[in-house]
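Remember, it's a predicted structure, so these values are computed and weren't measured experimentally. The chain is numbered in sequence order, starting from 1.
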Amino acid sequence: MDILVLVARFLFSMIFLFSGLGHFTQTEQMAQFAATKKVPAPKLGVIVTGIMLVIGGLSVLLGAYVEIGALLIVVFLVPTSFLMHNFWTVKDPMMKQNDMIMFMKNMALTGAAILIWYLYKVVPNVPLSIN
């Protein structure tokens with residue numbers, strides 16, 4: 001069963017690691033999009049959330065400080081979902097559907113991150129943890 005936990009952590013963390021790296025390789029484009037969503041200090045927001053994603057993804061992947069990493073992911077996902085994927089305000093049907101899909105995906109990932117936090121914080125002896 002230990003290998004299943006490792007595989008699950010790997011699969012879960014990849015979206016955050018790649019997305020976080022994207023925050024640094026596409027900072028200007030992401031900041032411009034964030035500005036259209038009225039995010040205050042969009043460039044700083046992109047950089048800070050990129051750091052959160054990379055640290056959160058690495059901590060879950062490596063099994064080090066998993067509780068902190070999972071909480072960083074939750075703290076990223078919840079406001080991002082409501083600010084960037086507010087489908088209930090979108091008029092264009094295609095954009096609305098896309099934002100709804102992204103919002104629901106983020107809510108599912110939030111649930112998974114909360115579950116990871118719970119397992120590592122509350123359940124004793126979760127396998128493959130180095131802390």
Side-chain angles (χ1 to χ4, degrees):
M1 290 305 255
D2 289 3
I3 193 70
L4 289 178
V5 174
L6 180 61
V7 168
R9 283 193 350 234
F10 173 79
L11 293 172
F12 179 79
S13 66
M14 286 300 100
I15 191 168
F16 302 107
L17 291 171
F18 283 110
S19 180
L21 293 175
H23 279 64
F24 300 111
T25 61
Q26 301 170 358
T27 305
E28 293 302 323
Q29 301 93 312
M30 294 181 95
Q32 287 175 2
F33 180 64
T36 68
K37 294 289 192 166
K38 298 183 177 39
V39 172
K43 188 171 183 177
L44 179 63
V46 169
I47 293 167
V48 169
T49 55
I51 292 167
M52 292 170 69
L53 289 169
V54 170
I55 291 172
L58 279 174
S59 77
V60 171
L61 176 64
L62 300 174
Y65 305 101
V66 175
E67 305 95 327
I68 295 168
L71 286 178
L72 278 172
I73 290 169
V74 170
V75 168
F76 164 78
L77 284 171
V78 173
T80 299
S81 300
F82 284 93
L83 287 171
M84 303 301 290
H85 304 299
N86 52 347
F87 65 92
W88 51 91
T89 67
V90 178
K91 302 293 183 228
D92 178 77
M94 292 298 286
M95 293 294 291
K96 182 176 191 135
Q97 182 179 22
N98 187 53
D99 273 338
M100 185 171 74
I101 290 166
M102 297 299 282
F103 181 88
M104 296 307 292
K105 175 211 36 121
N106 283 358
M107 291 298 101
L109 289 169
T110 300
I114 291 169
L115 183 59
I116 289 168
W117 173 86
Y118 174 80
L119 288 173
Y120 279 83
K121 187 72 174 169
V122 178
V123 177
N125 302 319
V126 174
L128 299 172
S129 181
I130 59 175
N131 55 342

Kindly give the heavy-atom pair with the smallest separation between [X] and [Y], and that separation in Å.
X: Ser59; Y: Gly69; result: OG-CA, 2.8 Å
X: Ile116; Y: Ala70; result: CG2-CB, 4.1 Å
X: Gly57; Y: Leu17; result: C-CD2, 3.8 Å
X: Glu67; Y: Tyr120; result: OE2-O, 3.3 Å
X: Val46; Y: Thr49; result: O-OG1, 3.2 Å

Cluster question for you: counting only ILVMFWY and a side-chain heavy-atom cut-off of under 4.5 Å, with indirect links fine, are [X] and [Y] together?
X: Met94; Y: Phe33; value: no
X: Leu83; Y: Ile101; value: no
X: Val66; Y: Leu53; value: yes
X: Leu119; Y: Leu6; value: yes
X: Leu44; Y: Leu21; value: yes

Looking at [atom1] of [X] and [atom2] of [Y], how far apart are the two atoms once the value is rounded to the nearest 0.5 Å?
X: Met30; Y: Ile47; atom1: CE; atom2: CD1; value: 11.5 Å
X: Asp99; Y: Trp88; atom1: CG; atom2: CH2; value: 8.5 Å
X: Ser19; Y: Phe76; atom1: OG; atom2: CZ; value: 5.5 Å
X: Leu109; Y: Ile114; atom1: CG; atom2: CD1; value: 11.0 Å
X: Phe82; Y: Leu77; atom1: CZ; atom2: CG; value: 11.5 Å
X: Tyr65; Y: Leu71; atom1: OH; atom2: CG; value: 15.0 Å

Heavy atoms from other residues, nucleotides or ligands near [atom1] of [X] exceed 12 (cutoff 6.0 Å):
X: Phe18; atom1: CZ; result: no
X: Met104; atom1: CE; result: no
X: Gln29; atom1: CD; result: yes
X: Met107; atom1: CE; result: yes
X: Tyr118; atom1: OH; result: no

Checklist line | For Thr89, side-chain hydrogen bond (donor to acceptor under 3.5 Å, both in side chains) partners two or more places apart | finding: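 Thr89 satisfies side-chain hydrogen bond (donor to acceptor under 3.5 Å, both in side chains) with Asn86 only.
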Notebook entry, point to check: So which of Ile73, Leu62, Leu61 actually passes side-chain contact (heavy atoms from CB on, under 4.5 Å) with Ser13?
Noted result: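 By the side-chain contact (heavy atoms from CB on, under 4.5 Å) criterion, Ser13 pairs with just one of Ile73, Leu62, Leu61: Leu61.
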Notebook entry, point to check: Does the side chain to side chain contact (heavy atoms under 4.5 Å, CB included) test come out yes or no for Ile15 and Lys105, once each step is laid out?
Noted result: CA-CA 11 Å; Ile15 191 168; Lys105 175 211 36 121; 4.3 Å; yes
Next item on the list: Identify, with sequence neighbours excluded, every residue that meets ring pair (Phe, Tyr, Trp, His ring centres under 6.0 Å) alongside Phe12.
Entry: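 If we apply the ring pair (Phe, Tyr, Trp, His ring centres under 6.0 Å) test to Phe12, skipping adjacent residues, the hits are Phe16.
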Checklist line | Verdict with reasoning, Val39 to Met84, per side chain to side chain contact (heavy atoms under 4.5 Å, CB included) | finding: CA-CA 8 Å; Val39 172; Met84 303 301 290; 3.7 Å; yes
